[in-house]
Amino acid sequence: MIAKPLWLVSYLAPNSFWFYQAVRAYLSRALEIDIQITEGACDPLDDPLVLGDRLDLAFICGLPFIRHSHRCPRQWRAIAAPVMNAPRYQQHPVYFSDVVVSCRSAFTTLADLEGTTFCYNDPGSNSGYQLMRQALMQAGYPPHFFKQVIQSGAHQRSLRWVADGLADCAAIDSTVLEQELRDYPDLAGQLRTVASIGPCPMPPVVASDHLGMTQIAAIQSALLNPDAELRSAMNKASIQGYAAVTTDDYEAIAQGYDAAIQAGYEILSAS
């Protein structure tokens, strides 16, 4: 049994916060301890709670996680990540970055998007920003591939901007897109995917090393062995279950990020 209350923060898309609340409730039951959960108020790399090592657990994008791990290698460790039900994930804890456009547009490929307006949720997002610039770099396109680049602040807002014609395209975490289409089926008739980048390791559940290995192992074991109530929430979220992961599984994200920066893709600037 874990002796002290835990503090859990989600830095992921809010349309799945209900599921993270279900995970919190399950861990609280399984570990017989009070666990508090909140949504991150800012970029995790700038969050005083992170910088002061005051968090016990977090749901976080792989890019800020591995970047922070390089800065503070003995603070966090990845312990588990969800495996989605859809066949495209092949029973692995991975996701894609789906490049979406309006169904009213004539765009059919990534190349068609040259000179258009691209919107993204956050420059620290792997799915919304980093994977796009990595794809452009690998395809030989210049950093000024887009005519205009604008920040929306959230994947869900990016989807609405594309659907409403305020932007031509956006790169969206495939699991966030799938959840949004479940929540708002009308979007399916407004958006179309023209490219999928990936697969990439799923955003992990991370634990602070200050918990100690016994506590961390108990949390990981609980995630890998959900009860019926959490399984019901997983089914609703189209999640097959959690798989064990390690921090090393996210090194490829860091390598892609570093390569893009070194190649001059630090910002997807407009021409």
Side-chain angles (χ1 to χ4, degrees), residues 2 5-45 47 49-50 54-65 68 76-86 89 93-95 121-122 124-128 153-157 159 172-184 200-208 211 215-216 218-245 250:
I2 297 176
L6 301 183
W7 191 253
L8 170 61
V9 175
S10 172
Y11 295 101
L12 300 179
N15 71 348
S16 289
F17 188 65
W18 65 270
F19 175 72
Y20 307 136
Q21 289 176 309
V23 175
R24 179 218 65 82
Y26 163 66
L27 289 175
S28 185
R29 293 193 303 274
L31 302 173
E32 299 181 342
I33 191 170
D34 178 43
I35 300 176
Q36 300 297 318
I37 186 171
T38 187
E39 293 187 89
C42 61
D43 186 322
L45 294 179
D47 193 334
L49 294 175
V50 173
R54 300 202 299 274
L55 296 184
D56 297 304
L57 299 164
F59 300 102
I60 188 170
C61 176
L63 179 57
F65 162 64
H68 181 72
W76 279 352
R77 66 181 63 219
I79 60 172
V83 178
M84 307 304 292
N85 277 331
Y89 303 109
V94 298
Y95 73 99
N121 57 329
D122 184 273
S125 169
N126 192 51
S127 58
H155 275 312
Q156 293 91 330
R157 191 172 298 120
L159 290 170
I172 307 294
D173 180 319
S174 59
T175 68
V176 175
L177 176 59
E178 289 161 4
Q179 183 62 50
E180 200 70 358
L181 294 178
R182 285 192 291 269
D183 292 342
Y184 304 96
C200 192
M202 277 288 282
V205 180
V206 303
S208 174
L211 293 175
Q215 295 181 343
I216 292 172
I219 295 166
Q220 183 185 54
S221 178
L223 290 170
L224 300 182
N225 298 280
D227 64 5
E229 190 171 341
L230 181 56
R231 284 205 171 276
S232 177
M234 287 179 170
N235 289 337
K236 183 178 177 183
S238 195
I239 292 173
Q240 181 181 118
Y242 274 98
V245 296
Y250 295 84

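Index from 1, following the sequence. Side-chain atoms are counted along with the backbone in the values below, which use heavy atoms only and exclude waters and symmetry mates.
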(message) Are the side chains of Arg29 and Glu229 in contact, using a 4.5 Å heavy-atom criterion?
(response) yes
(request) Could you give me the CA-CA distance, side-chain angles and deciding distance for Leu27 and Leu223, then say whether side-chain contact (heavy atoms from CB on, under 4.5 Å) is met? (result) CA-CA 8 Å; Leu27 289 175; Leu223 290 170; 4.1 Å; yes
(request) Under the side-chain contact (heavy atoms from CB on, under 4.5 Å) rule, what do Ile37 and Phe17 come out as? Steps first, then yes or no, please. (result) CA-CA 10 Å; Ile37 186 171; Phe17 188 65; 3.9 Å; yes
(message) To check you understand the geometry: which heavy-atom pair defines the closest contact between Pro93 and Val83, and what is its length?
(response) N-CG2, 3.8 Å
(request) Could you please spell out the steps behind the side-chain contact (heavy atoms from CB on, under 4.5 Å) verdict for Tyr20 and Val9? (result) CA-CA 9 Å; Tyr20 307 136; Val9 175; over 6 Å; no
Report all side-chain donor-acceptor pairs from residues 233-244 shorter than 3.5 Å, counting only partners two or more places apart or in another chain.
unit_1, atom_1, unit_2, atom_2, d
Asn235, ND2, Arg231, O, 3.4

(request) Report the distance from atom CH2 of Trp7 to atom CG of Leu49, rounding to the nearest 0.5 Å. (result) 8.0 Å
(message) Quick one, Val50 with Leu45, criterion side-chain contact (heavy atoms from CB on, under 4.5 Å). Give me CA distance, side-chain angles, the key distance, then yes/no.
(response) CA-CA 7 Å; Val50 173; Leu45 294 179; over 6 Å; no
(message) Ignoring hydrogens, what is the shortest heavy-atom contact between Met84 and Met202? Give both atom names and the distance.
(response) SD-CE, 4.0 Å
(request) With rounding to the nearest 0.5 Å, note down the distance linking CG in Asp56 to CG in Leu6. (result) 4.5 Å
(request) For residues Pro14 and Glu39, determine if any side-chain heavy atom of one lies less than 4.5 Å from a side-chain heavy atom of the other. (result) yes
(request) Grab the two heavy atoms, one from Pro44 and one from Ile60, that are nearest each other, plus how far apart they are. (result) CB-CD1, 3.8 Å
(message) What I'd like to find out is whether the side chain of Asp47 reaches to under 4.5 Å of the side chain of Tyr11, using heavy atoms alone.
(response) yes
(request) Give the ring-plane orientation class for Phe65 versus Tyr250, where under 30° counts as parallel, over 60° as perpendicular and anything between as tilted. (result) perpendicular
(request) Would you mind reporting whether Tyr95 and Asn126 have side-chain heavy atoms less than 4.5 Å apart? (result) yes
(request) Supply the atom-to-atom distance Ser16 OG to Arg182 CZ, rounded to the nearest 0.5 angstrom. (result) 7.5 Å
(message) If you define the side chain from C-beta out and look only at heavy atoms, does anything of Ser127 sit under 4.5 Å from His155?
(response) yes
(message) I'd like to check Pro201 versus Val245 (side-chain heavy atoms, cut-off strictly below 4.5 Å). Are they in contact?
(response) no
(request) Looking only at non-hydrogen atoms, find the nearest pair between Pro203 and Asp173 and report the distance. (result) CG-OD2, 4.4 Å
(message) Would you compute the distance between atom OH of Tyr26 and atom CG of Leu31 and round it to the nearest 0.5 angstrom?
(response) 8.0 Å
(message) Under a plain distance cut-off of 3.5 Å, with no hydrogens placed, do Thr175 and Tyr89 share a side-chain donor-acceptor pair?
(response) no
(message) I need the minimum non-hydrogen distance between Ala13 and Val176, along with the two atoms involved.
(response) CB-CG2, 3.7 Å
(request) First locate atom CD of Gln156, then atom CD1 of Ile172, and finally report the distance between them rounded to the nearest 0.5 Å. (result) 8.5 Å
(request) Check whether any side-chain heavy atom of Val23 sits under 4.5 Å from a side-chain heavy atom of Leu230, and report yes or no. (result) yes
(message) Let me confirm one number: the CH2-CG distance from Trp76 to Leu211, rounded to the nearest 0.5 Å.
(response) 12.0 Å
(request) Could you pull out the closest heavy-atom pair between Ala81 and Pro204, with the gap in Å? (result) CB-CA, 4.3 Å
